[in-house]
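Notes for the one structure printed next.
All values derive from a computational prediction rather than experimental measurement.
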Amino acid sequence: MKISEPMTMFTDYALALLTLIWGICLCRLGRRERQISKLLWGLGFLATASASLFGGTFHGLREYLGETLAAILWKTSVYSIGLASCFMLSAVVLNCVKRSLRPSALNLVALKFLIFACWMISHSEFRFVVYDYASAMIVILLLQIFLIVTCRAKSALWIAGGVLLGLAAGTIQTQKISLHQHFNHNDLFHVMQMAAFYLFYRGGKLFEPFHSENTAQDSSST
């Protein structure tokens, strides 16, 4: 059996394995601590693992899949990425936004995913996935900057670093920047995403229950 894109398949599977392990750890931690933000952050990792698994299979075995199965795998990967950004943005909203604004913010996150899901029914280009994911990451980055400024949250630096690395990876992917003919833009994107999700993992473990409320309580007691 000849694999179409062996390095892309390998790096995709490696990303899937890492995000699966980290996602399970975060979900267990969130359940144990009864912290929904950590649980949602972990679910974002698991959705990423799903996207990488199906995406890697598509890239590596598409010559043997047939058009229908290949299309199903690709769409599953695409929607998994959209779901990952939805989970992760929801987690950060719960961690950063005031309780009174939280329902409206979560509704906007859900609406964003719904628009993406409807759009991708008739579109398959990966650049639309990058646009959706990048917009979520930019909002997450802005909220992390807010946490750094207001309460010096330990998680914020890790997550902000992950976002910046992930955005750089997305730029490389959309611009098709390659290091070698056997290590293309997709491969480099996956490797950078592994590093970005490690930073996300370290930051997610440090999530504290609703930073904004904690900051308000600290301010009122001084």
**Message:** Measuring only between side-chain heavy atoms, which start at C-beta, is Tyr13 closer than 4.5 Å to Thr57?
**Reply:** yes

**Asked** Got Gln144 and Cys96 here, is their nearest side-chain heavy-atom distance under 4.5 Å?
**Response** yes

**Request:** List, by chain and then residue number, the residues other than Leu111 in its hydrophobic cluster (Ile/Leu/Val/Met/Phe/Trp/Tyr, side-chain heavy atoms under 4.5 Å); write none if there are no others.
**Result:** Ile115

**Prompt:** Taking only residues two or more places apart in sequence, or in another chain, which ones meet Glu33 in a side-chain hydrogen bond (donor to acceptor under 3.5 Å, both in side chains)?
**Reply:** Lys38

**Prompt:** Taking only residues two or more places apart in sequence, or in another chain, which ones meet Tyr198 in a side-chain hydrogen bond (donor to acceptor under 3.5 Å, both in side chains)?
**Reply:** Arg202

**Item:** Donor-acceptor side-chain pairing of Asp187 and Thr8 below 3.5 angstrom
**Value:** yes

**Message:** The criterion is side-chain contact (heavy atoms from CB on, under 4.5 Å); which residues satisfy it with Phe126, sequence neighbours excluded?
**Reply:** Trp74, Ile81, Val129, Val130, Gln173, Phe189

**Prompt:** Would one find more than 12 heavy atoms of other residues, nucleotides or ligands at under 6.0 Å from atom CD1 of Ile36?
**Reply:** no

**Side chain to side chain, Phe54 and Ser50, heavy atoms closer than 4.5 Å** = yes

**Asked** His190: what forms a side-chain hydrogen bond (donor to acceptor under 3.5 Å, both in side chains) with it, not counting sequence neighbours?
**Response** Thr11, Asp12

**Request:** Only counting residues at least two apart or in another chain, list the ones meeting ring pair (Phe, Tyr, Trp, His ring centres under 6.0 Å) with Tyr201.
**Result:** Trp22

**ring pair (Phe, Tyr, Trp, His ring centres under 6.0 Å) assessment of Phe197 paired with Phe200** = CA-CA 5 Å; Phe197 270 88; Phe200 287 151; 5.3 Å; yes

**Message:** Which residue in the set Val93, Asn95, Val163, Ile145 passes side chain to side chain contact (heavy atoms under 4.5 Å, CB included) when paired with Ile140?
**Reply:** Val163

**Request:** Step through the shown structure and confirm whether more than 12 heavy atoms of other residues, nucleotides or ligands are within 6.0 Å of CD on Glu125.
**Result:** yes

**Fill in**
Residues at least two apart in sequence or cross-chain that pass side-chain hydrogen bond (donor to acceptor under 3.5 Å, both in side chains) with Thr48, listed by chain then number, are none

**By side-chain contact (heavy atoms from CB on, under 4.5 Å) - contacts of Tyr131 (at least two apart)** = Arg127, Phe128

**Prompt:** Residues in ring pair (Phe, Tyr, Trp, His ring centres under 6.0 Å) with Phe87, at least two apart?
**Reply:** none

**Message:** Please determine whether the number of non-hydrogen atoms from other residues, nucleotides or ligands lying under 6.0 Å from atom NZ of Lys75 exceeds 12.
**Reply:** yes

**Request:** Give the other cluster members for Ile148, using side-chain heavy-atom distances under 4.5 Å between Ile, Leu, Val, Met, Phe, Trp and Tyr residues; answer none if it is isolated.
**Result:** Leu157

**Asked** Listed by chain and number, what are the side-chain contact (heavy atoms from CB on, under 4.5 Å) partners of Ala14, not counting sequence neighbours?
**Response** Met194

**Fill in**
Sorted by chain and number, sequence neighbours left out, side-chain contact (heavy atoms from CB on, under 4.5 Å) with Leu20 holds for Ile24, Leu46, Ala49

**Nearest heavy-atom neighbours spanning Leu26 and Trp41** = CD1-CD1, 3.7 Å

